[in-house]
2 protein chains.
Amino acid sequence: MNSREPEPSLNACLPKPPLGERELLTAMQAGELVALFKTLANDTRLRMLHALVRAGEMCVSEMSDLLAMKPQAISNQLTRLADRGIVGSRRNGNNIYYRIVDPCVIEILDHGLCLSEEAKARSK
Amino acid sequence: MNSREPEPSLNACLPKPPLGERELLTAMQAGELVALFKTLANDTRLRMLHALVRAGEMCVSEMSDLLAMKPQAISNQLTRLADRGIVGSRRNGNNIYYRIVDPCVIEILDHGLCLSEEAKARSK
DNA sequence: ATATTAATACATTGAATAGTGTATTTCAAG
DNA sequence: CTTGAAATACACTATTCAATGTATTAATAT
């Protein structure tokens, strides 16, 4: 529950080349992007990530308790997130503490949360 | 292939309440957000959306040709996108032209593309 | 009316994936 | 060394979902 973040890094994104003039997405580019969105397209992972944003770092059991899910499920998803380079870990005795290492994710999560609220308001 | 967009609307997003202090995501909030990301977590839909950003509007057959996919597949995904309120359509004779009606999607697509490039550079 | 093209509806199939249960690894305490 | 807790590895199941094939609807032209 400690709140020690490494600074949210307000704009981790480059100056922006205009999207409308980019070449049509290649299969590979689309693939990369899909991988990112897929990682975020899961409600367990989203809640885990948000918990990490709030707490700074957490171990599996803490998260398991907080989200009321089995440790295996949490561990599975953490592994996925780690494979994507989104979270990192540090061991302390029996516990392994995870933290977000990719600041972009925080950004896009924030952005997406905002958008989803608006989108919901508009589309229904 | 005409390029007539209704202005990308540079910031469709509100002033930003700080993410780290928000309450833990409820299952419903997470669900909304997941729905958004799921919609974007598909390479066909991403390429379709980008094509739409570039062209302004396209009909199924045009898109089918451009992306080298069967019309049914394109139509399927357009239906999904329409159900989510992301695209809208307009009929002109035999052809039905689709366009993006949710400016947020352009934003997050742009953002995501940028991030995925950086993330790729970092994580591998 | 008939033929033709565009798009969609619907059922089916195959692939990806999240959660579970079981077993195993890793560390700390006694 | 043994015990117990935390985390992971692995196999398995159920579900979700994209693409396909077939059939149908909608509009235009002859």
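Note that this is a predicted model, so its numbers are computed, not measured. All chains are named by letter (A, B, ...) in the order of the sequence lines, taking the proteins before the strands, and each is independently numbered beginning at 1.
- Comparing atom distances between the B:Gln72 side chain and each of C:dA7, C:dA18, D:dG21 picks out D:dG21 as nearest.
- What separates CE of B:Met63 from C1' of C:dA7 is a distance of 13 Å, to the nearest Å.
- From B:Cys104, atom SG reaches atom CD1 of B:Ile108 across 8.5 Å, with rounding to the nearest 0.5 Å.
- Taking 4.0 angstrom as the limit, B:Asn95 places a side-chain polar atom (N or O) nearer than this to OP1 or OP2 of C:dA7.
- As a whole-Å value, the separation of B:Leu78 CG from C:dA7 P is 10 Å.
- Note that CZ of A:Phe37 and CG of B:Asp43 are 12.5 Å apart. Values are rounded to the nearest 0.5 Å.
- An OP1 or OP2 oxygen of C:dA6 is reached within less than 4.0 angstrom by no side-chain nitrogen or oxygen of B:Ser75.
- Looking at A:Arg47, A:Gln72, A:Arg45 one by one, the single match for side chain to side chain donor-acceptor pair (under 3.5 Å) with A:Gln77 turns out to be A:Arg45.
- If you take CG of B:Leu81 and C1' of D:dA18, they are 13 Å apart, rounded to a whole angstrom.
- For the pair A:Leu40 CG and C:dA18 P, the computed distance is 12 Å after rounding to whole Å.
- Distance from the side chain of B:Tyr98 is smallest to C:dT8 among C:dG19, C:dT8, C:dT26.
- Residue B:Thr44 places at least one side-chain N or O under 4.0 Å from the OP1 or OP2 atom of D:dA19.
- Protein atom NZ of B:Lys38 is 12 Å distant from nucleotide atom P of C:dT17, rounded to whole Å.
- Rounded to whole Å, atom P of D:dT25 lies 16 Å from atom CG of B:Asn94.
- For A:Thr79, whose side chain is taken as the heavy atoms from C-beta onward, the closest listed nucleotide among D:dA9, D:dC17, C:dT8 is D:dA9.
- Atom CG in B:Leu46 sits about 14 Å away from atom C1' in D:dA18, given to the nearest Å.
- For the pair A:Asn92 and A:Asp43, nearest-nucleotide mapping onto DNA chain C gives the more 5' position to A:Asp43.
- In the set C:dA18, C:dA6, D:dA18, the nucleotide with an atom closest to the side chain of B:Asn42 is D:dA18.
- In this structure, OH on B:Tyr97 lies 5.0 Å from CD on B:Glu62, to the nearest 0.5 angstrom.
- The backbone N or O of B:Val60 lies less than 3.5 Å from no partner atom in the side chain of B:Ser64, so there is not a single donor-acceptor pair.
- Residue A:Asn76 is classed as a base contact, given a heavy-atom separation below 4.0 Å to a base.
- The interatomic distance linking B:Arg80 (CZ) with D:dA19 (P) rounds to 10 Å, in whole Å.
- Distance from the side chain of A:Cys59 is smallest for D:dA7 among the nucleotides C:dA9, D:dA18, D:dA7.
- Comparing A:Lys70 and A:Arg91, the nucleotide of DNA chain C nearest to each residue sits closer to the 5' end for A:Lys70.
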